[in-house]
Amino acid sequence: MRQPLIAGNWKMNGSLDSVSTLVEGIKAGLDSVTTAEMAVCPPYVYLPAVATLIGGTSISLGAQDVSDQEAGAYTGEVAPGMLTDVGCKYVIVGHSERRSIYGESDAFTASKFAAARKAGLVPILCVGELLEEREQGITEQVVSRQLDAVIDLEGVDALAGAVIAYEPVWAIGTGKTASPDQAQDVHSYIRAKLAALDSGVAEKVRILYGGSMNAGNAAELLAMTDIDGGLIGGASLKAADFLAIGTAANR
Ligand code: PGA
């Protein structure tokens, strides 16, 4: 069985005070989450503080982005080895906000994925279509192209220990969640695509759903066969909501 992963993507939110309150709140209710692995992805500067706060708990730490380079003259960048150094297990790569606001390409995302793996991080590779792409009926082509960039560079095996997050861009931060069936369709498409290359990888890889997942809709999404957890934005900023999503994955 694939252990569900509920990962909170805090995006560019918080302060030293508020992240501490949030983590303490999550810790206080963690016992209610019996099955899922819970992870938090704070902004870079709060990683060490959060690492200390979650020390000794089962909560995992992740970063929201990473450089594709190991070290050197790359002003403003953070290397994968620095993330492992401060205790990260996961790193999000190719989030749609990186792709659309900062113009990060499929190829650049794939090189970040490779760099993250090389440093021992588990990449959470985000894929997903824009609203106009869904309306054009090309969701599967878009997701396939985004996955192929990684498969071409790293081979399908690289996805065995990784996490994929299907995040329809039109559902992110909009309150417009994909229906469980809409999400399941794309998740099963992704798993079938991988199965055609390597059935073991397809069975193993965790495919999260992201896009306005919240305490109210998590259970029905998480009940779908190929949805192995969630990448949660807005609802991960409130301990009670984040925990409710975690408990919705209890089996
Ligand atoms: P949302 O964000 O839950 O606020 O829609 C999800 C994400 O961007 O990862």
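Computed from a prediction, not measured in an experiment: that's the story for all the values here. Atoms within a ligand are numbered from 1 in the order they appear, just like the ligands themselves.
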| message | Does the plane of the ring in His187 sit parallel, tilted or perpendicular to the ring in Tyr166? Use 30° and 60° as the thresholds. | response | perpendicular

| Going by atom types alone, do Glu129 and Trp170 pair a side-chain donor with an acceptor below 3.5 Å? | yes

| field | NZ/Lys238: more than 12 non-hydrogen atoms of other groups inside 6.0 Å | value | no

| said: For Ser188 and Asp226, which I'm curious about, is there any donor-acceptor pair between the side chains at under 3.5 Å? | reply: no

| task | Examine the side chains of Tyr189 and Glu140 and answer whether a donor and an acceptor come within less than 3.5 Å of each other. | result | no

| said: Do Glu37 and Tyr90 pair up side chain to side chain, a donor and an acceptor below 3.5 Å, judged on atom types alone? | reply: yes

| Those atoms of ligand 1 less than 4.0 Å from some heavy atom in Ala171 | 5 (O)

| query | Against heavy atoms of Asn9, which atoms of ligand 1 measure under 4.0 Å? | reply | 9 (O)

| request: Starting from atom 3 (O) of ligand 1, locate the nearest protein heavy atom and write down its residue, its atom name and how far away it is, to 0.1 Å. | output: Gly233 N, 2.8 Å

| said: So, 4.0 Å and heavy atoms of Ser212: is ligand 1 close enough to count as a contact? | reply: yes

| Numbering the atoms of ligand 1 from 1, which are under 4.0 Å from a heavy atom of Gly234? | 1 (P), 3 (O), 4 (O)

| field | Residue portion contacting ligand 1 (non-hydrogen atoms closer than 4.0 Å) for Ala165 | value | neither

| message | With heavy-atom distances below 4.0 Å as the criterion, list the atoms of ligand 1 near Gly173. | response | 1 (P), 4 (O), 5 (O)

| task | May I ask you to list the atoms of ligand 1 that are less than 4.0 angstrom from any heavy atom of His95? | result | 7 (C), 8 (O), 9 (O)

| note | Under 4.0 Å from one or more heavy atoms of Glu167, ligand 1 contributes atoms 6 (C), 7 (C), 8 (O), 9 (O)

| field | Lys193 and Ser144: side chain donor to acceptor below 3.5 Å | value | yes

| query | Which ligand 1 atoms, with their elements, are less than 4.0 angstrom from a heavy-atom of Gly211? | reply | 5 (O)

